[in-house]
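Below is one structure, written out as structure tokens, with a few remarks after it.
Every chain is numbered from 1, with letters handed out A, B, ... down the list of sequences.
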Amino acid sequence: MEALDGNAIAGQLMEVFGGEMTTVTGRCAGCRRTWQMAELEVHTHAPGTVGRCRDCGVVLMVLVTARGVTCVHLPGLVDLGMPTAP
Amino acid sequence: MLDVPTWEGHLAGQHVDVRLTAEDGYQAQRSYSIASAPQDRSVTLTVDRLDDGEVSPYLVDVLQPGDALELRGPIGRYFVWEESLGGPLALIAGGSGVVPFRSMLRHHAAIGSAVPVRLLYSARSLPEVIFHEELVRLGAREAVDVRVALSRAWPDDWNGHRGRIDREYLREAAWPASSGPLVYVCGPTSFVEAVADALIDLGHDTDRIRTERFGATGSGLPAPSASQGGT
Ligand SMILES: Cc1cc2nc3c(=O)[nH]c(=O)nc-3n(C[C@H](O)[C@H](O)[C@H](O)COP(=O)(O)OP(=O)(O)OC[C@H]3O[C@@H](n4cnc5c(N)ncnc54)[C@H](O)[C@@H]3O)c2cc1C
Ligand SMILES: [Zn+2]
């Protein structure tokens with residue numbers, strides 16, 4: 001499957017974070033680059049949804065939904081901003 | 001065309017998530033850009049039918065006027081254009097990637113904006129050009145320039161670009177990097193990546209390039225994908 005970007009999971013992020021996330025910034029712990037969430041490289045066909053740094057490939061975000069509950073892991077994301085109003 | 005009872009309005013470029021639920025409870029969800037402008041009275045989606053797709057053939061062939069759909073949205077603040085963002089604006093579309101740009105151009109017209117905008121739209125052949133007449137009409141406005149490129153087949157008298165939107169064509173047809181344009185690129189992932197790479201190569205500022213990837217659109221088989229406006 002071809003990779004997507006953070007726009008494709010904007011709805012899911014909105015549900016999880018309670019607000020609009022595509023323009024929220026976060027930094028990659030690997031290469032220190034700052035991204036807006038819309039810019040991440042996103043794979044929705046991995047088990048769960050995976051967001052990677054577009055420069056260095058580090059996994060920044062993993063979303064796994066089971067029985068209607070979504071768990072969020074942010075293994076490589078630092079300085080994540082707050083969601084804005086939806 | 002959708003009649004959404006609780007719609008609170010959207011921004012040009014936003015999308016919705018459409019969810020289908022089968023009788024056995026199986027669910028599939030896909031995103032679709034909003035083709036209408038914030039000023040339009042109804043919400044319009046435009047779905048390109050992928051022959052081997054799971055959701056798009058249902059939306060195009062099976063869904064009937066009057067049927068209900070489960071929607072979430074409007075969604076997204078990143079791939080949005082508002083007049084305060086200014087320009088000059090370059091909108092670069094591959095295939096159904098033109099959908100959010102139709103919203104932006106209708107919005108631009110509805111507010112009578114003078115921000116210079118250029119749409120470069122790549123389709124495989126003339127019958128696959130979505131919104132053609134309307135785009136030509138919108139392109140007749142003073143500030144707006146619409147250019148359709150046909151990548152695989154074209155009529156003999158076609159006087160638009162023939163071939164892909166590549167680096168050379170971007171150099172000639174997109175605004176020069178030195179004019180600091182705000183660039184939006186949308187379409188199949190491979191198209192978006194190729195165009196974004198070429199723009200950076202031409203000296204465009206990465207912070208002024210916004211991208212939205214629709215994923216794979218087609219299995220690579222020469223299956224013509226019919227596009228149909230709305231539902
Ligand atoms: C933000 C956003 C906005 C969008 N806006 C629009 C829009 O306005 N209009 C529009 O038409 N589309 C839009 N899309 C694309 C849309 O969401 C769907 O992806 C598209 O309609 C295809 O869905 P489908 O279920 O028909 O196909 P799918 O079943 O998802 O298949 C898509 C393609 O991928 C291939 N594929 C599927 N599974 C695999 C696999 N495991 N391995 C390899 N290849 C595979 C299929 O062969 C097919 O060619 C948008 C996408 C995003 C992210
Ligand atoms: Zn990185």
Side-chain angles (χ1 to χ4, degrees), chain A residues 1-28 31-46 48-57 61 63-70 80-86, chain B residues 8-11 13-19 25 27-34 50 52-54 70-80 82 85 94 97 99-100 184-194 196-197 200 206-220:
Chain A
M1 280 301 281
E2 279 187 79
L4 296 165
D5 55 41
N7 297 299
I9 54 166
Q12 201 181 351
L13 293 177
M14 195 160 74
E15 222 153 72
V16 173
F17 289 92
E20 152 61 29
M21 290 296 288
T22 53
T23 53
V24 169
T25 56
R27 213 142 47 86
C28 169
C31 68
R32 316 303 290 176
R33 195 178 150 165
T34 297
W35 298 102
Q36 297 184 59
M37 294 302 106
E39 297 169 330
L40 302 189
E41 179 183 312
V42 168
H43 299 264
T44 50
H45 282 250
T49 295
V50 176
R52 291 177 178 274
C53 173
R54 205 168 272 288
D55 271 359
C56 76
M61 182 186 287
L63 302 169
V64 180
T65 303
R67 291 184 212 92
V69 180
T70 300
L80 183 64
M82 296 296 283
T84 58
Chain B
E8 287 177 10
H10 67 278
L11 303 169
Q14 287 189 301
H15 65 271
V16 295
D17 287 346
V18 174
R19 184 153 76 183
Q27 293 190 324
Q29 183 180 294
R30 297 290 185 276
S31 301
Y32 292 96
S33 301
I34 301 168
L50 302 190
D52 56 353
E54 187 178 307
E70 200 179 337
L71 289 190
R72 170 169 68 186
I75 300 168
R77 280 292 160 87
Y78 171 85
F79 205 75
V80 156
E82 293 176 281
L85 293 169
V99 176
Y184 292 74
V185 189
C186 188
T189 298
S190 52
F191 173 87
V192 171
E193 312 236 306
D197 287 349
I200 291 165
T206 49
D207 290 341
R208 302 273 293 165
I209 303 173
R210 299 185 189 200
T211 50
E212 183 163 273
R213 295 161 181 79
F214 280 7
T217 50
S219 54

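Atom CG of residue A:Asp5 and atom CZ of residue B:Phe214 lie 10.0 Å apart, to the nearest 0.5 angstrom. From A:Asn7, atom CG reaches atom CD of B:Glu212 across 4.0 Å, with rounding to the nearest 0.5 Å. Annotation: the span from B:Asp17 atom CG to A:Ile9 atom CD1 amounts to 11.0 Å, rounded to 0.5 Å.
For the options B:Val80, B:Thr189, B:Thr211, B:Val192, heavy-atom pairs under 4.5 Å to chain A are most numerous at B:Thr189. Counting heavy-atom pairs closer than 4.5 Å to chain A, the top residue among B:Gly76, B:Ser31, B:Gly73 is B:Gly76.
The two residues A:Leu4 and B:Arg213 make their nearest non-hydrogen contact at CD2-O, 3.6 Å.
With contacts defined as side-chain heavy-atom distances shorter than 4.5 Å, the pair A:Glu39/B:Tyr78 qualifies. In this structure, the side chains of A:Glu15 and B:Arg72 come closer than 4.5 Å at one or more pairs of heavy atoms. For the pair A:Arg54/B:Glu193, a side-chain contact is recorded, criterion being any heavy-atom separation below 4.5 Å from C-beta on.
Counting heavy-atom neighbours within 6.0 Å of B:Gln27 CD, excluding the residue itself, gives a total above 12.
Of the possible donor and acceptor atoms, none in the side chain of A:Glu2 sits under 3.5 Å from a partner among the backbone N and O of B:Pro188.
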